[in-house]
Protein chains: 2
Amino acid sequence: MSENLGDLYQVKEKMYVATDCIIFGFQNGKLKLLVFKRKVSPLEGEWSLIGSFVRLDEDLEVAGKRVLKESTGLENVYMQQLRTYGKKDRDPGYRCISVAQYALIRINEYDEELVEEHGAKWFEIDQLPLLILDHNQMVHDALLQLKQNARYRPIGFELLPEKFTIPQLQALYEAIYRRELDPRNFRKKVLSLNVLEKLDEKDRSGSKRGAFLYKFNNDNYRDLLESGYNFEIA
Amino acid sequence: MSENLGDLYQVKEKMYVATDCIIFGFQNGKLKLLVFKRKVSPLEGEWSLIGSFVRLDEDLEVAGKRVLKESTGLENVYMQQLRTYGKKDRDPGYRCISVAQYALIRINEYDEELVEEHGAKWFEIDQLPLLILDHNQMVHDALLQLKQNARYRPIGFELLPEKFTIPQLQALYEAIYRRELDPRNFRKKVLSLNVLEKLDEKDRSGSKRGAFLYKFNNDNYRDLLESGYNFEIA
DNA sequence: TCAAAAGTGTTATATATACACCCATGG
DNA sequence: CCATGGGTGTATATATAACACTTTTGA
């Protein structure tokens, strides 16, 4: 029923609707992307994002989560619609529009076997291979939105393990913003937001001295959002 | 070819793809929306956004511009994809996803006859009627994005006539942000951006004394964007 | 003992906010 | 001559940016 003018002209043509997932992870101070090697023709053997056709009885959002689960085993992941790519000749085979969605996952939690089974591989964000169709464009747009989004919501936390150190968090923001941040200013700012809980443990993987672990406090975050504050960092 | 996992399962089903336009205008200090009275069944006589099915040989973006032209006569309008609405039962008739796009138009430039022909009407943004399907949700989302977008790009200018006064511009931002702004601070800020050209004419429609008209300087705007500046106002 | 990362405070600068009066004009 | 909206400047508070040294510890 979303026709209006369409009705008047009696032009009603169905087309394929796909969804492609831009899966971000963060490891060793680097922002990474999970990319898939196509096992089927056409374009077999080329790199692409992980996607699927949307089924008739399936919400768009559900389709995205299904793809993510099928390829990484993960559920309950932060996922957000990016935009829809609908150039008429974007897919040379047949008319197909694609709703791109991006996911932020904890890279230590995914199912490695499943990922391998799907011929997927993590690439550093600035060492991406050529992807099929408009997938490089999708990644480019997703990075831009991630950058903007990170200013207003603490989505950085979605990419870190439950317990993380402040230097790790800083490295993540540096990777997203693609610039260095001052450690004193960063720490001051992020602690002033009052959404981090300091734990008694230390993580010694990054240095001999070790850095204190923190975890994210969701309640305080909600309060903060409601009070109209924003998470602009650096 | 955007299938991947989809291929593996051989699930390939076509569906309808529509586009709906959220058309904003600004008049007498009020933000307004152009809404359409359905002339066809089902839901005949109900208010809805203006939309159409996307044709097989038509870019998504082109479909949006076509709808806008067919309903208002306008071309070369600022238009931007909002997001895609794809709940499986959003349209009770058949499976149809809709790519919402919003347009900012100069309310003094549209083709009144054409609009009337289509049974369309301007509503003030906070006096909108109930719209069909998820169209109220679309408007809600568009308003939010407009608000956020206005902070970083001078899209306010798209809604004003070519020549406008600073009080008009302020009223527009007040309508978008839904709060009052201080006239001294607003003027200072907006002039400091160096994208306004003061003209020798005055507009006396708002007061006896009259207010100087300005126009928007696109070249300086481009420079400003490149230098990384943002248009955050108030 | 030293290399390497963690942690800490202060100052300067820029930006945002608050605020009140005069100006020009048509009616 | 007065009511109405247009136009202006300054002082304060807040946020951001710049900057260098001490601590801890395993190798």
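Everything numeric here is computed off the predicted structure, so don't read it as measured data. Labels below follow one simple rule: chain letters A, B, ... track the order of the sequence lines, proteins then strands, and each chain is numbered from 1.
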Rounded off to whole Å, could you give me the [atom1]-to-[atom2] distance for the [X] and [N] pair?
| X | N | atom1 | atom2 | value |
| --- | --- | --- | --- | --- |
| B:Leu169 | D:dG7 | CG | P | 12 Å |
| B:Tyr173 | C:dA16 | OH | P | 14 Å |
| B:Phe186 | D:dT8 | CZ | C1' | 16 Å |
| B:Leu191 | D:dG6 | CG | P | 15 Å |
| B:Tyr177 | C:dA16 | OH | C1' | 14 Å |
| B:Ile166 | D:dG5 | CD1 | C1' | 14 Å |
| A:Arg187 | D:dC21 | CZ | C1' | 15 Å |

Do A:Trp122 and A:Phe24 have their ring centres less than 6.0 Å from each other?
-> no
A:Phe36 vs A:His118 aromatic rings, parallel, tilted or perpendicular, using cut-offs 30° and 60°?
->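 Answer is tilted, since the angle falls between 30° and 60°.
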Residue pairs meeting salt bridge (Lys or Arg N to Asp or Glu O under 4.0 Å), one or both in residues 156-178 of chain A, sequence neighbours left out, come to A:Asp126-A:Arg178, A:Lys163-A:Glu201
Could you note down all residue pairs passing salt bridge (Lys or Arg N to Asp or Glu O under 4.0 Å) where residues 107-119 of chain A supplies at least one of them, sequence neighbours left out?
->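 Matches after skipping sequence neighbours: none remain.
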Table of protein N/O atoms under 3.5 Å from nucleotides 9-12 of chain C N/O atoms:
residue : atom : partner  : partner atom : Å
C:dT10  : O4   : A:Lys188 : NZ           : 3.1

Within 45 degrees of the axis of the six-membered ring of B:Tyr85 and under 6.0 Å from its centre: does B:Arg83 put its NZ or CZ there?
->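 Yes, B:Arg83 sits over the ring of B:Tyr85.
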Strand contacts (DNA chain C) in residues 199-213 of chain A, 4.0 angstrom heavy-atom criterion = A:Gly206, A:Ser207, A:Lys208, A:Arg209, A:Gly210, A:Ala211, A:Phe212
With a 4.5 Å heavy-atom cut-off, do A:Tyr214 and A:Thr165 have their side chains touching?
->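 A side-chain contact is absent here, since even the closest heavy-atom pair is not under 4.5 Å.
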Who passes ring-ring contact (aromatic ring centres under 6.0 Å, His included) against A:Phe164, sequence neighbours left out?
->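 If we apply the ring-ring contact (aromatic ring centres under 6.0 Å, His included) test to A:Phe164, skipping adjacent residues, the hits are A:Phe157.
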Who pairs with B:Phe123 by ring-ring contact (aromatic ring centres under 6.0 Å, His included), at least two apart in sequence or on another chain?
-> B:Trp47
